[in-house]
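Shown next, in structure tokens, is the structure this report addresses.
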Amino acid sequence: MIIKRLLLASLLLTVFVGACGDISASAGDGDENLTDSVSSPKEIQAAASSDHTNDPNIHTLIGEPFPEVRTALLRLGWERAAVSVDQPHRLHADLSCPNYSSVCRALFLRSGSDGWKHHWVVVVDPQILAVTEIRQAASAESPPSIPPSLAADMPALPQPYREARVTLMALGFRPVPAADPTTVCPGWMSGRDEWECTQGIRLIEAECGNAGCTALWRAPDGRRLNIILRGEPMPGAIYTMKWQPSE
């Protein structure tokens with residue numbers, strides 16, 4: 001019964017989304033407008049954490065037994081997250097039931113339409129093993145979202161980003177100035193994890209925030225490569241890359 005209700009809700013959602021159509025926006029012409037189309041640190045967080053809490057598929061599962069919900073989610077294409085489970089339930093190894101919490105949790109991966117895989121939490125009442133909540137995981141509850149596979153024509157770049165910059169320049173890429181460039185300590189440029197310094201070096205192509213950093217480069221053929229970075233000290237290492245849409 002739960003599977004039938006779930007498939008019906010999924011069909012209705014697909015029809016609704018198809019009727020809505022796509023919304024797209026393109027950046028203006030010229031280098032002075034290039035930064036308008038670069039993923040900002042806030043956009044990184046939004047792109048990697050799209051919220052589908054209002055999905056009717058979710059609401060049909062609340063109150064149902066966890067084993068049935070798990071089966072339904074897997075049939076919908078969700079995946080069990082490859083994470084260590086803290087104090088697993090005696091009957092369900094993927095259900096974390098730590099002593100300090102009044103609930104149990106299971107972590108899943110859900111693929112978004114943008115190709116990203118986002119972590120979702122299924123909250124379970126340990127007394128009756130009924131699902132009480134299904135929501136996207138907070139950043140402190142799970143590893144980062146998993147980006148889509150890189151395009152085949154992406155340049156092969158080393159890690160961390162400081163080494164990738166050297167390779168990009170050798171390949172003929174040129175940095176595109178960011179709206180608010182980030183500054184790094186000189187030690188970072190030479191391979192030392194230097195956290196504080198009196199005089200920094202500005203990376204004109206990189207912009208950082210709490211969610212990470214982005215860097216935009218122009219390829220020799222005119223395309224623009226948007227690099228998303230994470231890690232400490234900022235700007236860290238390459239997390240994923242994408243070609244910006246053509247104007």
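- For Glu133, the side-chain hydrogen bond (donor to acceptor under 3.5 Å, both in side chains) partners at least two apart in sequence or on another chain are Arg135.
- Applying the disulfide (SG to SG under 2.5 Å) test to residues at least two apart or on different chains, none of the pairs has a partner in residues 138-177.
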task: Take Leu129 and Leu95 through the test side-chain contact (heavy atoms from CB on, under 4.5 Å) and record every step on the way to the result.
output: CA-CA 10 Å; Leu129 280 184; Leu95 193 59; 3.8 Å; yes
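- Grouped by direct or indirect side-chain proximity (heavy atoms under 4.5 Å, Ile/Leu/Val/Met/Phe/Trp/Tyr only), Leu91 sits alone.
- Between Lys242 and Asp114 there is no salt bridge, since no side-chain N of the basic residue sits under 4.0 Å from a carboxylate O of the acidic one.
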Enumerate, atom names and distances included, each donor-acceptor pair closer than 3.5 Å involving a side-chain atom of residues 177-184, sequence neighbours excluded.
none

Report task. Could you go through the side-chain contact (heavy atoms from CB on, under 4.5 Å) check for Trp243 and Asn226 one step at a time? Result -> CA-CA 6 Å; Trp243 294 111; Asn226 189 12; over 6 Å; no
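- With sequence neighbours left out, Ala93 forms a side chain to side chain contact (heavy atoms under 4.5 Å, CB included) with no residue at all.
- Residues passing the side-chain hydrogen bond (donor to acceptor under 3.5 Å, both in side chains) test with Asn99 are Gln87, sequence neighbours excluded.
- Note on Val176: it does not cluster hydrophobically with Val166, by side-chain heavy-atom contacts below 4.5 Å among ILVMFWY residues.
- Under a 4.5 Å side-chain heavy-atom criterion applied to ILVMFWY residues, the cluster that includes Ile146 comprises Leu109 as well.
- Contacts classified as ring-ring contact (aromatic ring centres under 6.0 Å, His included) and involving residues 60-79 (residues at least two apart or in different chains) are given here: Phe66-His92, Trp78-Trp120.
- Counting only residues at least two apart or in different chains, disulfide (SG to SG under 2.5 Å) contacts with residues 88-173 comprise Cys97-Cys104.
- Residues passing the salt bridge (charged side-chain N to carboxylate O under 4.0 Å, His left out) test with Arg80 are Asp94, sequence neighbours excluded.
- Connectivity analysis of hydrophobic side chains (ILVMFWY, heavy atoms under 4.5 Å, direct or indirect) links Leu107 to Val83, Val103, Val121, Val123.
- Listed by chain and number, the residues in a side chain to side chain contact (heavy atoms under 4.5 Å, CB included) with Ser96 are Val85, Asp86, Pro98 (sequence neighbours excluded).
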